[in-house]
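Below is one structure; the comments refer to it alone.
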Amino acid sequence: MTDPTPIPSLLFSDLVIREQGTGKLSFVGAFNHILAPGFPFQTPFFFVTVFITNIQGPLDPIPTTMTISEKGSGHVIFSASGNVGFKEIVQRATVIEIPFPVPGCRFDRPGTYEAVLLINNERIVARDFTVSLPLSHTPSPQP
């Protein structure tokens, strides 16, 4: 196996649909940050899709992990692991799309968070994103 290379994109979306026959992915409700009505905030179901290339040949299952953590503290708030493999021959220039379903995760405070893809326990691609209150939100007075 050659070294996986990240495509400069890691996509967040509400839904991912893989079309039968063509294998094309459709992304519904793509987003770059999360607006929370308050904290703590439990997200609804969403997807993190990563795109990798520079892999060649038939692939035995490869251990793959997606994590979401609080930037700076490293506190992991979501983790999903599995194996990715292909029976058919993969060409080096092929872009492989791996959607990770996130059944929901809890954000206790606004801030910067990081989604990270690990393959064979090696950090392959990461992306920062923010979780914040809407700009028009004014906090309630505290007693």
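The figures here come from the full heavy-atom set of this structure, side chains too, leaving out hydrogens, waters and symmetry mates. Quantities reported herein were computed from a predicted structural model and do not represent experimental measurements.
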In chain order, what residues pass the side-chain hydrogen bond (donor to acceptor under 3.5 Å, both in side chains) check against [X], with sequence neighbours excluded?
X      : answer
Arg123 : Glu114
Thr112 : none
Asp128 : Lys71

Any chance CG of Asn83 has more than 12 other-residue heavy atoms, nucleotides or ligands included, within less than 6.0 Å? yes
So, for [X] and [Y], which heavy atoms are closest and what is the spacing to 0.1 Å?
X      : Y      : result
Leu25  : Pro99  : CD1-CG, 4.5 Å
Phe78  : Pro101 : CZ-O, 3.6 Å
Glu97  : Arg18  : O-NH2, 3.5 Å
Ala115 : Met66  : CB-SD, 4.2 Å
Ala80  : Phe100 : O-CE2, 4.4 Å
Asn32  : Phe129 : O-CB, 3.6 Å

Aromatic ring centroids of Phe47 and Phe12 under 6.0 Å? no
Evaluate the side-chain proximity of [Y] to [X]: yes if any heavy-atom separation is below 4.5 Å, no if none is.
X      : Y      : result
Val102 : Phe45  : no
Arg127 : Val125 : no
Phe46  : Leu15  : no
Leu118 : Thr64  : no
Ile52  : Ile124 : yes

Report the distance from atom [atom1] of [X] to atom [atom2] of [Y], rounding to the nearest 0.5 Å.
X      : Y     : atom1 : atom2 : answer
Thr67  : Ile77 : OG1   : CD1   : 9.5 Å
Thr130 : Ile34 : OG1   : CD1   : 8.5 Å
Phe31  : Ser13 : CZ    : OG    : 7.0 Å
Tyr113 : His33 : OH    : NE2   : 14.5 Å
Cys105 : Gln42 : SG    : CD    : 7.0 Å
Phe51  : Ile96 : CZ    : CD1   : 12.0 Å

If you group Ile, Leu, Val, Met, Phe, Trp and Tyr by side-chain heavy-atom gaps below 4.5 Å, do [X] and [Y] land in one group?
X      : Y      : result
Ile68  : Val131 : yes
Val116 : Val48  : no
Val76  : Ile119 : no

Quick one: salt bridge (charged side-chain N to carboxylate O under 4.0 Å, His left out) partners of Asp108, sequence neighbours excluded? Arg106
Quick note, salt bridge (charged side-chain N to carboxylate O under 4.0 Å, His left out) partners involving residues 30-41, not counting sequence neighbours, are none
Could you tell me which residues satisfy side chain to side chain contact (heavy atoms under 4.5 Å, CB included) with Ser132, sequence neighbours excluded, listed by chain and number? Leu35
